[in-house]
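By convention in this document, chain letters (A, B, ...) are assigned in the order of the sequence lines, proteins followed by strands, and residues within each chain are numbered from 1.
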Amino acid sequence: MTAFTERVKDTVIRIPKGRVATYAQVAACAGDHRAARQVAWVLHSSSRKYGLPWHRVINSRGHISLKPNQGYARQKALLLTEGIMFREDGSINLERYLWNPHIDM
DNA sequence: AACCTGACTTCGG
DNA sequence: TCCGAAGCCAGGT
């Protein structure tokens with residue numbers, strides 16, 4: 001496990017309840033703005049193991065990246081539970097819910 | 001060591 | 001605006 005991967009976990013854990021972050025954003029916080037795919041891989045492989053709030057990470061378009069037959073519904077349900085609202089097309093208003101590491105915490 | 005894969009992103013047609 | 005292709009990174013085979 002690389003240092004970068006460790007930082008990804010630390011970053012994800014910092015995302016506040018009721019807010020979301022994009023894969024690229026998490027990657028940037030962890031020190032490599034180009035490693036979005038690696039962030040996805042980390043969540044996929046060790047979210048359960050480390051109790052990460054994996055559902056708070058979505059793609060840059062404000063959509064859930066999971067396929068409908070995979071965890072899509074579960075992730076959406078978890079976000080709704082935290083008070084996050086979805087538009088009709090299933091997207092999230094990033095202007096409103098995106099985590100700002102410098103202001104929130 | 002080479003090759004494949006994915007819960008991503010960006011750019012060009 | 002909507003795909004498809006090409007980048008990118010690390011772990012698994």
Side-chain angles (χ1 to χ4, degrees):
Chain A
M1 180 103 61
T2 66
F4 171 74
T5 298
E6 293 287 351
R7 288 197 295 276
V8 167
K9 290 187 301 197
D10 293 337
T11 301
V12 173
I13 290 176
R14 290 173 47 209
I15 304 174
K17 176 181 177 184
R19 316 223 60 170
V20 298
T22 67
Y23 295 93
Q25 178 181 19
V26 172
C29 283
D32 187 343
H33 66 345
R34 297 171 299 183
R37 301 193 69 155
Q38 181 58 15
V39 171
W41 194 93
V42 172
L43 296 184
H44 177 72
S45 64
S46 48
S47 57
R48 178 179 282 270
K49 185 175 178 183
Y50 296 91
L52 303 177
W54 58 272
H55 54 284
R56 298 180 189 148
V57 184
I58 59 181
N59 64 34
S60 63
R61 298 173 353 205
H63 281 271
I64 288 177
S65 279
L66 295 174
K67 291 178 182 177
N69 54 356
Q70 299 184 324
Y72 186 95
R74 184 164 77 255
Q75 179 168 16
K76 183 171 182 177
L78 286 169
L79 291 176
L80 286 173
T81 294
E82 301 192 342
I84 292 178
M85 305 296 287
F86 287 73
R87 298 196 188 89
E88 264 186 61
D89 67 351
S91 67
I92 293 175
N93 185 334
L94 293 179
E95 296 274 322
R96 179 174 169 186
Y97 298 110
L98 188 64
W99 171 43
N100 185 324
H102 298 293
I103 298 179
D104 320 310
M105 286 222 342

Calculate the interatomic distance between A:H44 atom NE2 and C:dG11 atom P; express it in whole Å. 14 Å

Return yes if the base of B:dA7 and the side-chain atoms of A:Y23 contain a donor-acceptor N/O pair under 3.5 Å, otherwise no. yes

In whole Å, I'd like the distance from the NE2 atom of A:H55 to the P atom of B:dA7. 18 Å

OP1, OP2 of B:dT9 versus side-chain N and O of A:S60: anything below 4.0 Å? yes

To the nearest Å, give me how far apart CG (A:D32) and P (C:dG7) are. 17 Å

Checking A:Q25 against A:H33: is there a side-chain donor and acceptor pair closer than 3.5 Å? no

Nearest whole Å is fine: how far is B:dC8 P from A:I64 CD1? 12 Å

To the nearest Å, give me how far apart NZ (A:K9) and C1' (B:dA7) are. 17 Å

Atom pair distance, as rounded to whole Å: CH2 in A:W54 and C1' in B:dG6: 16 Å

Heavy-atom nearest nucleotide on DNA chain C taken for A:W41 and for A:R37; more 5' hit belongs to A:R37

So, does A:S65 get its side chain near the phosphate of B:dC8, meaning an N or O under 4.0 Å from OP1 or OP2? yes

How far does NZ of A:K76 sit from NE2 of A:H63, to the nearest 0.5 angstrom? 10.5 Å

Interatomic distance, A:L43 CG vs B:dT5 P [rounded to whole Å]: 21 Å

May I have the step-by-step check of salt bridge (charged side-chain N to carboxylate O under 4.0 Å, His left out) for A:E82 and A:R19, ending in yes or no? CA-CA 8 Å; A:E82 301 192 342; A:R19 316 223 60 170; over 6 Å; no

Considering every strand and a 4.0 Å limit on heavy-atom distances, what is the contact class for A:R34: base, sugar-phosphate, or nothing? sugar-phosphate

